[in-house]
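Lettering follows sequence order; numbering is per chain, from 1. FYI, side chains are in, hydrogens and waters are out, and symmetry mates aren't considered; it's all heavy atoms of this structure.
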Protein chains: 2
Amino acid sequence: MTAAGKHQVSRTDTTRRRSRPVRAGIRDVAAAAGVSITTVSDALNGKGRLPDATRRHVREVAERLGYRPSAAARTLRTGKSGLIGLTVTTYGDEPFTFTEFAYFAEMARAATSAALARGYALVILPATSRLSPVDVWSNVALDGTVVVDPADDDPVVRELARQGLPVVSDGRPAGSLPVTAWVDNDHEAAVLDILDHLAAAGARRIGLLTGTTTDMYTRLSTSAYLDWCARIGQDPVLEAYPAHDPCAGAVAADRLLARPDRPDAVYGLFDPNGTDLLAAARRYGLRVPEDLLLVCCSESTVYASTEPPVTTLSLKPRRIGTAVVQLLIDAIEGVNQDQPVEQVIPTELIVRTSSMRRSPRTTVNPPRSPGQG
Amino acid sequence: MTAAGKHQVSRTDTTRRRSRPVRAGIRDVAAAAGVSITTVSDALNGKGRLPDATRRHVREVAERLGYRPSAAARTLRTGKSGLIGLTVTTYGDEPFTFTEFAYFAEMARAATSAALARGYALVILPATSRLSPVDVWSNVALDGTVVVDPADDDPVVRELARQGLPVVSDGRPAGSLPVTAWVDNDHEAAVLDILDHLAAAGARRIGLLTGTTTDMYTRLSTSAYLDWCARIGQDPVLEAYPAHDPCAGAVAADRLLARPDRPDAVYGLFDPNGTDLLAAARRYGLRVPEDLLLVCCSESTVYASTEPPVTTLSLKPRRIGTAVVQLLIDAIEGVNQDQPVEQVIPTELIVRTSSMRRSPRTTVNPPRSPGQG
DNA sequence: TTGAAAGCGCTAACAT
DNA sequence: ATGTTAGCGCTTTCAA
């Protein structure tokens, strides 16, 4: 008690007394426990060589007073905030694209879990700086940032790098963008795989439903398709639409099947393409997979129970989200410096009826026999 | 220049010189601009009565040095961080439920936009404290928190309230949970509405696909259903399953249609129920809507192009996300104190073929004529 | 109109 | 084994 010191006591007297019950500070705990603030700090943070008795005592007192350390003060002092920025390319006013919902939601979920498990939290930030009058970016102390789909010459990434903050991107950066590390799929290989799969199922002319945006995913996938066509000797049959507009997708799907050189198989690069193509096929009286083979890139489970179920390509967003965060935190904490800075996550093709010309068993037994058999 | 003071100069000499180009601080800007740090602060924050010339000059210098104010220092000094926590009830290890993806993604997106527009950012946090060895909650300075679906006696909410932080919940709190405000739909009215809609379409026995969880949404919706049954004189036909398990949903849908007292209409409380019920109906050879009327609660657009399209109830997550954030920031900033603290957002029933016994036009003309008519 | 100085609450280097 | 002290970088009285 006596050792608590004059400073604390006088401060408590003059500042605290008359105000309403304000959050207890480290000094209050020190005073109540009869130790110095250093001891409190050490006891709570597991530092120093304190006897267990002291440590336990201090913790009890802190608990009793409902003491919560000030995150701001700790951050100011240590230079680490435990906060990781999460940024997604913006279309229009919305922070992320509608068509990428399932992908983004899964990726963000995995990233959140991975971050929390290592004691960090994610802060959602806009890809465009100065969205609001006050720049949110400068209002938050970040230890590093995850950037999803960085633009070709992303100004946010550049600025972050200039500040010396580690940046890890989901999606390989174009050109010389200075990211600390990146995680991505091998989109070209994935597309070639699907085209071969469709060809093996009997496709003679494969169409592509693609986007008008110039992000890496769209660009790589489309050029892989064009290369494949050139190699095989097939004329490309593709329709592009602005991927952020859900209605445009339905129209593009329709347009693709309305062409004179109508494809007998289609790969759609975006999540809703499956249902859109299915609907378009119905409108034209095309049977799937008999008249039209179908694959789309999606993370949604609805394609397991559509009629017919649709073959999908999963980009494994969970694995990507986890990997991105691990790489970032490793960079922040300076561990695993020997780890590769580029990580390629394998994709998974989930083959369902829509791309199986060989097994047209349209009659499926119910899992168990209903009353009326 | 001379006015910059001894302190700054000596610090620059001793601390800065030999280390690598570290972020410029307010003192560096002050020195370079030949003013005091007070003037820099005022110039950058639009405070004080500085002549425009001074203000512009300081801003130029700051820009040139690439000065970024320290968020931690500002937070420590002002007590405001500009950070809002976003918490979702956890099932298992994952921070949020699979079945609520679309709802949550939309709600979070709207909340993020609304927050950014007012200069705040969202931090994703686990509903369960102490998920990781270090408690992330105490590592971040929050101005307030949004809680999605608070538990009946949510310890996180209680602790936050104890700390004097404003808490706004998406979903009305049970009992005496001390939230500052809440936003919710009128789930009971929505369910009654749907049941009446189905009855009007000719349903004689309406079933319910519900959850085993005890959250408010499930509880209110189920009891509204039971009340309706009692009032109408129908025996309840319901199947409950753990909503966080996507496979369990398919099984429950199947079970519901396998019952001896098979319903001729079903309302499913969760997003994937529509596709699951559609698949189950196909297995039992039931035509929708002729043999079975279908409605489910969903935010997904896939139900617009399923076969047949499914009637859905939207909870309007965008409006909820926006409202929740507005109420929270109002509370943080102490404005609009007169605003109601409980806000009910109307739901929207999007009627599609699956619940229209009257208009069985199964043949639809394509939006435009294809080459082969 | 501008500047000096006092901390915000904590951690870490350095006493004792 | 524990305490004293000096800041982290900023905002904010108060004085000039």
B:Asn45 side chain to B:Ser41 main-chain N or O, any donor-acceptor pair under 3.5 Å? yes

Measuring to OP1 and OP2 of C:dT2, would you say a side-chain N or O of B:Thr39 lies under 4.0 angstrom away? no

The contact string for nucleotides 10-16 of chain C, one letter per nucleotide 5' to 3', using protein heavy atoms under 4.0 Å with B, S and - for base, sugar-phosphate only and none, comes out as BBBB---

Between A:Val58 and A:Val40, which heavy-atom pair has the shortest distance, and what is it? CG1-CA, 3.8 Å

Using every non-hydrogen atom in the two residues, find where A:Ala127 and A:Val156 come nearest and quote the distance to one decimal. O-CG2, 2.7 Å

Has the side chain of A:Trp137 got a donor or acceptor atom that lies under 3.5 Å from a matching backbone atom of A:Pro126? yes

Find the distance A:His57:NE2 to D:dA1:C1' and express it as a whole number of Å. 16 Å

Classify the nucleic acid contact of B:Thr54 as base, sugar-phosphate or nothing, counting any heavy atom under 4.0 Å across all strands shown. sugar-phosphate

If you define the side chain from C-beta out and look only at heavy atoms, does anything of B:Thr112 sit under 4.5 Å from B:Tyr120? no

Test your reading of the model: is there a side-chain donor-acceptor pair from A:Arg162 to the backbone of B:Gly66, 3.5 Å cut-off? yes

Nearest-Å distance for atom pair CG/C1', residues A:Asn139 and D:dC10: 13 Å

